[in-house]
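The next block holds one structure in the form of C-alpha cells; read it before the comments.
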Amino acid sequence: MTPADTGASTVVDAASAASDSLVSSDSRMAPGGPGYRRMSFALFLAGVATFALLYSTQALLPLISGDLGVTASDASWTVAAATGGLAVFVLPMSALSERFGRRTVMTASLAVAVTVGLLVPFAPSLPALVALRAVQGAALAGLPASATAYLAEEVRPRALVTAIGLFVAGNSVGGMSGRIITGWVAQEWGWRVAVGVIGLVAVACAVAFRLLLPAPTHFTPGSLRPRVLVRTVRDHLAHPLLRRLYAIGALFMTVFGGVYTVIGYRLAQAPFSLPQGLIGSIFLVYLVGTVSASTAGRLVGRLGRRGALYLGAGTTAAGLLLSLAPSLPLVLLGLVLITAGFFAGHAVASSAVGKTAQHGRAQASALYQSAYYVGSSAGSTVGAVAFHSGGWAGTVGVGVLAVLGVVVITVSGSLAARRQVGDAPVQALGLSR
C-alpha cells in the first residue's frame with residue numbers, strides 16, 4: 001500500500017505542521033532572529049572579561065615575586081584567592097540570580113569586578129593584593145552562575161548548545177589573551193601597568209555587555225528559600241556519582257592550576273631564561289584545549305565516557321612527565337599534552353553532571369564549578385609550594401598524584417556499580433561504554 005493508502009502521509013504532514021506551529025510560536029531567540037547576535041556577542045564579551053580578570057596575575061607571578069620580595073608560593077595566592085573567592089560564592093550567586101534576575105546579577109558582578117580590577121595595580125603590599133583578588137573572584141562568581149541559566153531561558157533549545165559554546169569560547173579567549181597581553185605589556189612597563197591594561201579591557205567588555213545584552217523576557221523570579229537550597233545541595237552531595245564527578249573535576253583542575261601557575265618561574269630560570277613576553281605567549285597552548293574539549297563528545301562515542309576519562313588522565317600524565325626534560329621543545333610538547341588531557345577530562349566530567357542530576361541542575365552545576373575552582377586554588381598553592389621545595393619535579397609530582405586520584409576514583413566507581421548490578425554494564429559516573 002502507498003503512504004496515501006495507509007494515511008501515513010496525513011500523519012506526517014500533521015506532525016510537521018504542529019512542529020512548525022510550536023517553533024513559530026516560540027518567542028525565544030534563535031540564530032538569525034532578533035537579538036540573537038547581540039546576545040551571543042554580549043555573553044562572549046562577558047566571558048572574555050571574566051577569565052581575563054580571573055587569571056590576570058598568573059603569567060606575572062615571577063615579576064610580582066621580584067617587585068614585592070616574596071616567594072613563588074606567596075605570590076601564587078594572588079591566583080588562588082581569586083579562584084577561591086569564585087568557588088565559595090558561585091552557589092550563593094546562583095541563588096541570587098533566581099530572585100533578582102540573570103542580567104541584573106551578571107551586570108552587578110562585572111561592575112564590581114572591573115572596579116576592583118582598576119584598584120589592583122595600586123595594591124601596596126601582597127596582603128592587600130591578595131585581598132583585592134579575593135573580592136574580585138567573589139564578584140566574578142555571578143557570571144558562570146547566571147549565564148547558562150539566562151541562555152536556557154532566552155534561547156530556543158535547538159540553538160542552546162551553540163549559544164553556550166560561544167560563551168565558553170569567550171572564557172577560553174579571555175583566559176588566553178589576558179595572559180598574553182599581560183606578558184608583553186609587563187615586559188616593557190611592569191606588572192602593575194599590565195594588570196591595569198587588563199582592567200581597562202574588562203571595563204570596555206563590561207560596558208559593551210550591558211549595552212548589547214537583550215532584556216530577559218522569559219525569566220520568572222523565585223523566592224530565596226535557604227531551606228530548599230540547602231536540601232538540594234545536600235541531595236547532590238549525598239549522590240555518590242555526583243561526588244565522584246566533583247572530585248574528578250577538582251583533581252583535573254589541581255593539575256592544570258599548578259602547572260600554569262608555576263610554569264612562568266620554570267621558563268624564566270636556566271636553562272631557558274625566557275623573557276616575560278615569550279612566557280606570556282606560552283598560553284597560546286590554550287587553543288589546543290579548545291580543540292580537545294570540542295572533540296570530547298566524539299571520544300565518548302568511541303571509547304565510552306570511562307574510556308575518555310582514562311585517555312584524558314593518561315594524556316595529562318604523559319605531558320607532566322615529558323615536561324621534566326631540560327629541552328624547551330619537549331617542555332612545550334608536554335604542555336600541549338597536559339592542556340589537551342585536562343580540557344578533555346573536564347569536558348567529560350562536567351557534561352556528565354547535568355545528565356546525572358535529576359533535579360536542581362543549576363545547583364548541581366554550581367557545585368561542580370565550586371569544586372573545579374577549589375581545585376584551581378589548591379593546585380596554584382600546593383604546586384607553588386612544591387616548586388619552592390623541590391623545583392619543577394615537585395610540581396610534577398603533585399600533578400601525577402592528582403591524575404592518579406582521577407584514575408582511582410573512576411575505577412572505584414566502576415567497581416561500586418558492578419557490585420550493585422552484578423554483571424550488568426558499568427554505569428559508574430554515567431560512564432557506560
Side-chain angles (χ1 to χ4, degrees), residues 48-86 113-114 116-137 140 172-203 256-269 272-286 331 335 339 376-377 379-381 383-385 387-388 392 395:
V48 169
T50 298
F51 276 72
L53 289 171
L54 189 64
Y55 292 103
S56 59
T57 63
Q58 193 173 56
L60 306 174
L61 295 182
L63 296 180
I64 293 174
S65 291
D67 182 45
L68 300 180
V70 298
T71 65
S73 57
D74 290 335
S76 71
W77 279 103
T78 65
V79 179
T83 53
L86 193 152
V114 298
V116 175
L118 296 178
L119 297 176
V120 165
F122 302 99
S125 63
L126 182 66
L129 178 58
V130 169
L132 287 171
R133 294 283 291 153
V135 173
Q136 195 171 47
L140 289 171
S172 177
V173 170
M176 178 187 68
S177 60
R179 292 166 170 94
I180 293 173
I181 291 171
T182 55
W184 285 105
V185 172
Q187 181 173 305
E188 297 296 328
W189 296 288
W191 72 268
R192 294 181 185 274
V193 173
V195 173
V197 168
I198 291 299
L200 292 175
V201 170
V203 168
F256 197 68
V259 165
Y260 277 100
T261 295
V262 175
I263 190 62
Y265 290 98
R266 173 162 167 74
L267 296 178
Q269 295 177 350
F272 309 114
S273 302
L274 297 183
Q276 186 63 43
L278 285 179
I279 291 174
S281 298
I282 294 298
F283 291 95
L284 282 169
V285 173
Y286 267 42
V331 170
L335 290 176
T339 305
S376 177
S377 296
S380 299
T381 304
V385 170
F387 180 80
H388 183 68
W392 181 250
T395 302

What I'd like to find out is whether the side chain of [X] reaches to under 4.5 Å of the side chain of [Y], using heavy atoms alone.
X: Val120; Y: Val116; answer: yes
X: Leu118; Y: Leu200; answer: yes
X: Leu126; Y: Trp77; answer: no
X: Ser76; Y: Phe387; answer: no

Please list, chain by chain and in numerical order, all residues satisfying salt bridge (Lys or Arg N to Asp or Glu O under 4.0 Å) with Arg192, sequence neighbours excluded.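 Result, salt bridge (Lys or Arg N to Asp or Glu O under 4.0 Å) vs Arg192: Asp67.
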Atom OG of Ser380 and atom CG of Leu61: how far apart are they, to the nearest 0.5 Å?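 CG of Leu61 is found 8.5 Å from OG of Ser380.
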Say whether, by atom type as modelled, one donor and one acceptor occur between the side chain of Gln276 and the main chain of Gly264 under 3.5 angstrom.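 No; zero donor-acceptor contacts below 3.5 Å.
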Polar side chain donor-acceptor pair, Ser377 to Thr83, under 3.5 angstrom: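 There is such a pair (donor and acceptor under 3.5 Å, judged by atom type) between the side chains of Ser377 and Thr83.
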Between Trp191 and Thr57: side-chain donor-acceptor atoms closer than 3.5 Å: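 No, no side-chain donor-acceptor contact under 3.5 Å.
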Is the number of heavy atoms from other residues, nucleotides or ligands within 6.0 Å of CZ (Phe272) greater than 12?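 Counting other residues, nucleotides and ligands, CZ of Phe272 exceeds 12 neighbours.
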Any pair counted as side chain to side chain donor-acceptor pair (under 3.5 Å), so long as it reaches residues 125-134, sequence neighbours left out: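 Sorted result for residues 125-134: Ser56-Arg133, Arg133-Gln136.
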Shortest non-hydrogen separation from Phe283 to Met176 and the atoms involved: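 Heavy-atom minimum between the residues: O-CG, 3.3 Å.
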